2 protein chains.
Amino acid sequence: MAKKDQTIQTSPHLQIMVNTPLFKGLSVDVLTAVLNQAQYYNFSSQSFIFHQYDKAENIYVILKGQVCLSQTTSAGKQVIINMFGAGDNMAILSVFDKAIYPLTAEAVTDCLLLGWSSQTMQQLMEQYPRIALNTLKFITSRFVELQDRYRELATKRVEQRIAHALLRLSQKHGQSTSDGIFLKLPNSRQMIAEMTGTTLYTVSRTCRQWEELGLIQSGREQVTILNPVSLSAIAQELPQI
Amino acid sequence: MAKKDQTIQTSPHLQIMVNTPLFKGLSVDVLTAVLNQAQYYNFSSQSFIFHQYDKAENIYVILKGQVCLSQTTSAGKQVIINMFGAGDNMAILSVFDKAIYPLTAEAVTDCLLLGWSSQTMQQLMEQYPRIALNTLKFITSRFVELQDRYRELATKRVEQRIAHALLRLSQKHGQSTSDGIFLKLPNSRQMIAEMTGTTLYTVSRTCRQWEELGLIQSGREQVTILNPVSLSAIAQELPQI
DNA sequence: CGAGCTCTTGAAAACCTTCAAAAACAGTGG
DNA sequence: CCACTGTTTTTGAAGGTTTTCAAGAGCTCG
């Protein structure tokens, strides 16, 4: 699935590298050194970047495309832990020896990634401690985020969780249009269900209801958020505006 | 609440320091240097070590006692994220400037902690990069753990989650007795409920049922696990043994 | 021995899932 | 262009799980 490709022009991607959490604050020289050690990877839509339980070999930065990170339970249910996009770092734990991917990464769209092997990244971190500290800071913030979502899952009702998930998705992956924020998601009801710990039926009913109220406009594999403010009010269970 | 105390004999605690994730693999010299920068803190049972939203100032190692980490929702519900004990590290994110505690830490029993200020730990990490790498490894493993619990919350029924919570607690905080593994928990039904995202009523019913089946023996503020194997089968929804 | 917790229990209600089936849609090939 | 196919979404009805509310029982400690 993955095709290595060394001939891609780096200039448009440099901007992403400069801003990605792992490499923030590095000098151009260091950044160039880091880039020289990287390999480009292409993954086509719906292909797998890595599988849960595989030996963790690479650490990635996403340059282009959208990646879905999910876990599968022993009973076969899927849970989507996160959706990543351009600029996001992935598979941090690969820097540790004998690490195992704790989840599966699937390309939702065609993706272009930059990757470093375990050993390469270990060396880079030793050579440039700033990278290690950046990584620590990044993973800590991800940890805090996940804690918040854990609490949400433990305390909020399905409707609120769906609202929240839509808002999070729209912030990260949405495109502003004249109507509102447009979201393209393959198999959207199913996906939203797996992000919020519910079923596609409940998501469908909830979205339908919101469509009736004019909060969203939804169709096959896409949702447009027309009224983020009301949606946010639902997410927090505030009295409706 | 906190009383600083510099006169405590370090010998019995040194063993804990050597094995705590943050300081694993450090030479005795380095460990001594690290210890010299630390301060001892005493917290009595039920006192707060820090509050959610406070400025994060200290990073801790627990030497003695049990600490409950919880978040409070805007609606006032509590969610217990973790229970820590001797040897555990706490409030890692304090090493970052302007960090805010994302949760509240309450001493469940009388506690003795070792603490370092933000700046001190930053300096230590710069001076001994091994500490930074240890921290990265530690927080990564905590992250992976939390992901697993997130999935559990999203996919499993209450009964299974309670079983899992009891098993986790017993592993970490239980005492082996002739009958089974004994767990002391103040306000146990309520606490278990807050750990599993359910209500104390449901926990009570579930525990009662397990007691009838002879899997546990439960009383006021305590639970003894008599049959961890069956409990584990319930947690995984296996056919009963 | 009474006050205040903690825990249990029952009944009703709310919430959500499951199952089944139909409708809507996109893409394909004739 | 249209019928056909497979996928995605919607909808209804039934059922299961869990919460909520209310009240009582049991323990502990001053």
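Please read all numbers here as calculations on a predicted model, not as lab measurements. Convention: sequence-line order gives letters A, B, ...; per-chain numbering from 1.
Between Y53(B) and Y101(B), the ring centre distance reaches or exceeds 6.0 Å.
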Yes or no on side-chain contact (heavy atoms from CB on, under 4.5 Å) for M195(A) and I162(A), after CA distance, side-chain angles and deciding distance? CA-CA 8 Å; M195(A) 278 184 238; I162(A) 296 174; over 6 Å; no
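A salt bridge links E237(A) with R157(A): at least one charged nitrogen is closer than 4.0 Å to a carboxylate oxygen. Salt bridge present: E152(A) and R168(A) bring a charged side-chain N and a carboxylate O closer than 4.0 Å.
Going from atom NZ of K184(B) over to atom C1' of dC27(D) covers 13 Å, rounded to whole Å. Note: NZ (K156(B)) to C1' (dT17(C)) measures 18 Å, nearest angstrom.
The shortest distance between side-chain heavy atoms of L69(A) and V67(A) falls below 4.5 Å. Using a 4.5 Å heavy-atom cutoff, the side chains of V223(B) and Q217(B) are not in contact. Here the side chains of N42(B) and D110(B) are not in contact, with every heavy-atom distance at 4.5 Å or above. By the 4.5 Å heavy-atom criterion applied to side chains, Y60(B) and L114(B) are not counted as neighbours.
For the atom pair NE2 of H164(A) and CD of E159(A), the computed distance is 13.5 Å after rounding to the nearest 0.5 Å.
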Read 5' to 3' with Watson-Crick or G-U pairs under 3.5 Å, [ ] for crossing pairs and | for partners on another strand, DNA chain C gives ||||||||||||||||||||||||||||||
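For the segment residues 70-83 of chain A, no residue has any heavy atom less than 4.0 angstrom from an atom of DNA chain C.
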Reading nucleotides 7-15 of chain C 5' to 3', which nucleotides get B (base under 4.0 Å from a protein heavy atom), which S (sugar-phosphate only), which -? SBBBB----
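Counted within 6.0 Å of CD on E221(B), heavy atoms from surrounding residues, nucleotides or ligands total more than 12; the atom is thus considered enclosed.
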